[in-house]
Amino acid sequence: MPGRPNPTLRQRRLGAELRRMREQAGLRGGELANLLGVSAAQVTQMENGKTSVNADRLRTIAAACKCTNEPLIEALVGFASSRPKGWWERYRGTLSTGFLEVAEMEAHALKIYTWATTYVPGLQQTGAYASAVFARISPPLPQRDIDTRTAFRVQRQQALRSSGTPHVSFIHEAALRMQFGGRRVLAEQLDSLIEDSAAGVCSVRVVPFDMDTFPGAGENIMFAEGLVPELATLQMDTAQGVLFFDAPADLASHRATFAQLDSLALPDDESREFIRTIRGRYE
């Protein structure tokens with residue numbers, strides 16, 4: 001049976017965890033195939049996310065790999081269970097896969113952390129600000145593409161707010177001062193951040209210029225906690241597109257970064273006052 005041509009982020013992650021489970025057991029693909037009574041090619045397909053894995057097969061693999069991490073196994077069973085297609089699937093073929101996969105990651109997260117150094121995080125951008133961010137891309141995008149990306153970003157925000165998923169947003173002062181779309185657009189964006197924070201939509205924590213250190217990388221990043229710590233996902237925005245990371249070392253490194261940010265950033269109430277001070281420049 002031919003495999004899925006384009007497995008989703010969740011399907012690929014399930015496969016990656018199965019491969020990690022096999023490698024931790026010290027088994028080669030062919031050895032696991034013999035234990036399961038399948039071909040080595042089928043093991044490869046499962047680990048690439050191109051072949052479905054039901055709950056029984058997943059537990060059989062875990063037993064063959066002598067995995068005793070029951071919370072992880074049960075979380076992976078949830079990954080394997082069939083689910084209705086998400087709202088983002090309506091954009092498949094219209095937007096690149098990276099956009100859809102970010103929305104998929106957010107939909108399954110238990111808690112989301114963002115760290116923004118260049119522009120306000122996408123989950124908190126106003127429509128006008130988001131359009132200005134997309135309009136800066138070189139070579140320029142057609143207006144219809146800008147409108148589609150903006151509409152998608154707004155729908156991501158609405159979906160997250162409807163789900164009630166906790167969201168902590170760390171924002172460097174540089175991102176609060178960078179003008180996308182001009183003074184009026186930035187002023188409206190700062191007002192929106194203050195309103196979201198005051199309403200408890202999300203926690204907004206500012207890292208001012210005068211802090212004596214700069215934690216983590218310079219890119220805007222998102223860290224989505226999974227059902228168990230092993231299933232967290234790191235997402236990074238780059239000029240070349242969206243990147244995802246799930247290696248244990250990457251997850252540990254960025255957990256440490258967010259712990260450092262938590263100790264450095266201003267509390268929510270002081271952050272709101274800080275943003276109001278910047279906003280006052282645009283009266």
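Numbering of residues begins at 1 and proceeds along the displayed sequence.
- Atoms CG and CZ, on Asp250 and Arg255 in that order, are 11.5 Å from each other to the nearest 0.5 Å.
- Between the side chain of Gln11 and the backbone N or O of Asn6, no donor-acceptor pair lies under 3.5 Å.
- Of the inter-residue distances, the one linking Arg92 atom CZ with Thr94 atom OG1 reads 10.5 Å to the nearest 0.5 angstrom.
- Asp196 contributes atom CG, which lies 9.5 Å from atom OG of Ser169 (distance to the nearest 0.5 angstrom).
- Side-chain atoms of Glu230 and Arg20, non-hydrogen and from C-beta on, never get closer than 4.5 Å to each other.
- Side chain of Glu31 to backbone of Arg28: a donor-acceptor contact under 3.5 angstrom is found.
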Ile171/Ile275 under side chain to side chain contact (heavy atoms under 4.5 Å, CB included): CA gap, chis, key distance, verdict: CA-CA 10 Å; Ile171 308 177; Ile275 296 171; 5.8 Å; no

Please determine whether side chain to side chain contact (heavy atoms under 4.5 Å, CB included) holds for the pair Arg205 and Leu261, giving the CA-CA distance in whole Å, both sets of side-chain angles, and the decisive distance to 0.1 Å. CA-CA 9 Å; Arg205 306 279 306 281; Leu261 285 168; over 6 Å; no

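- For the pair Asp237 and Val242, the minimum side-chain heavy-atom distance is below 4.5 Å.
- Between the Asn48 side chain and the Gly15 main chain, no donor and acceptor come within less than 3.5 Å of each other.
- A heavy-atom distance below 4.5 Å is not found between the side chains of Thr8 and Trp88.
- Residues Tyr282 and Arg184 are not in side-chain contact: their nearest non-hydrogen atoms beyond the backbone lie 4.5 Å or more apart.
- Applying the side chain to side chain donor-acceptor pair (under 3.5 Å) rule to pairs touching residues 133-146 yields Gln143-Asp147, sequence neighbours excluded.
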Could you go through the salt bridge (charged side-chain N to carboxylate O under 4.0 Å, His left out) check for Glu104 and Lys85 one step at a time? CA-CA 10 Å; Glu104 182 184 9; Lys85 290 186 176 181; over 6 Å; no

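- For Gln42 (side chain) and Ser39 (main-chain N/O), a donor-acceptor pair under 3.5 Å exists by modelled atom type.
- A distance-only check finds no donor-acceptor pair linking the side chain of Gln179 to the backbone of Leu186 [under 3.5 Å].
- The shortest distance between side-chain heavy atoms of Thr165 and Glu106 does not fall below 4.5 Å.
- Judged purely by atom type and a 3.5 angstrom limit, Gln45 has no side-chain atom pairing as donor or acceptor with the backbone of Lys50.
- You'll find the side chain of Gln155 reaches within 4.5 Å of the side chain of Arg90, heavy atoms only.
- In this structure, NE2 in His254 is found 4.0 Å from CD1 in Ile221, a value given to the nearest 0.5 Å.
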Go through Gln189 and Gln125 one step at a time and tell me if the side chain to side chain contact (heavy atoms under 4.5 Å, CB included) criterion holds. CA-CA 7 Å; Gln189 176 62 76; Gln125 292 176 5; 3.8 Å; yes

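- Under a hydrophobic-cluster definition in which Ile, Leu, Val, Met, Phe, Trp and Tyr are linked whenever side-chain heavy atoms come within less than 4.5 Å, directly or via other members, Leu76 and Leu227 are assigned to different clusters.
- Classification of the Trp87-Phe152 ring pair by plane angle, with boundaries at 30° and 60°, yields tilted.
- In terms of modelled atom types and a separation under 3.5 Å, the side chain of Ser271 and the main chain of Val206 share a donor-acceptor contact.
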Using side chain to side chain contact (heavy atoms under 4.5 Å, CB included), reason through Leu36 and Met46 one step at a time and then give a plain yes or no. CA-CA 12 Å; Leu36 299 178; Met46 287 187 288; 4.2 Å; yes

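- Between Val228 and Pro71, the closest heavy-atom pair is CG1-O, 3.6 Å.
- Contact annotation: the side chain of Arg156 approaches that of Arg153 to within less than 4.5 Å [non-hydrogen atoms, C-beta and beyond].
- Between Ala187 and Arg279, the shortest heavy-atom distance links the atoms O-NE, 3.3 Å.
- Under a hydrophobic-cluster definition in which Ile, Leu, Val, Met, Phe, Trp and Tyr are linked whenever side-chain heavy atoms come within less than 4.5 Å, directly or via other members, Val204 and Val201 are assigned to different clusters.
- Every pair tested for ring-ring contact (aromatic ring centres under 6.0 Å, His included) that includes a residue from residues 14-39 fails, sequence neighbours excluded, so the list is empty.
- Connection of Leu27 to Leu58 is established within a shared hydrophobic cluster, with ILVMFWY side chains joined at heavy-atom distances below 4.5 Å, either directly or through further cluster members.
- Without hydrogens or angle criteria, Thr150 side chain to Ile146 main chain gives a donor-acceptor distance under 3.5 Å.
- Under the 3.5 Å distance criterion, the side-chain polar atoms of Arg183 are matched with a main-chain donor or acceptor of Arg281.
- Across all non-hydrogen atoms, the minimal contact from Ala232 to Glu225 is CB-OE1, 3.8 Å.
- Nearest heavy-atom pair across Phe244 and Leu9 is CE2-CD2, 3.9 Å.
- Contact between Val207 and Ala265 at its shortest, heavy atoms only, is CG2-CB, 3.9 Å.
- No single ILVMFWY cluster, assembled from side-chain heavy atoms under 4.5 Å apart, contains both Val154 and Val102.
- Using cut-offs of 30° and 60° for the angle between ring planes, the Tyr119 and Phe180 rings count as perpendicular.
- Atom CE of residue Met21 and atom SG of residue Cys65 lie 6.5 Å apart, to the nearest 0.5 angstrom.
- Hydrophobic clustering, with ILVMFWY side chains joined whenever heavy atoms are under 4.5 angstrom apart, groups Leu264 together with Tyr113.
- Just one of Arg22, Arg12, Arg19 meets the side-chain hydrogen bond (donor to acceptor under 3.5 Å, both in side chains) condition when paired with Glu47; it is Arg22.
- The two residues Ala174 and Thr117 have their closest heavy-atom pair at CB-O, 3.7 Å.
- Residues Glu173 and Ile278 are in side-chain contact: their nearest non-hydrogen atoms beyond the backbone lie under 4.5 Å apart.
- A side chain to side chain contact (heavy atoms under 4.5 Å, CB included) with Phe223 is found for one member of Thr257, Leu251, Thr114 and no other, namely Leu251.
- Atom OG of residue Ser192 and atom CD of residue Gln157 lie 7.5 Å apart, to the nearest 0.5 angstrom.
- Between the side chain of Ser197 and the backbone N or O of Ile194, no donor-acceptor pair lies under 3.5 Å.
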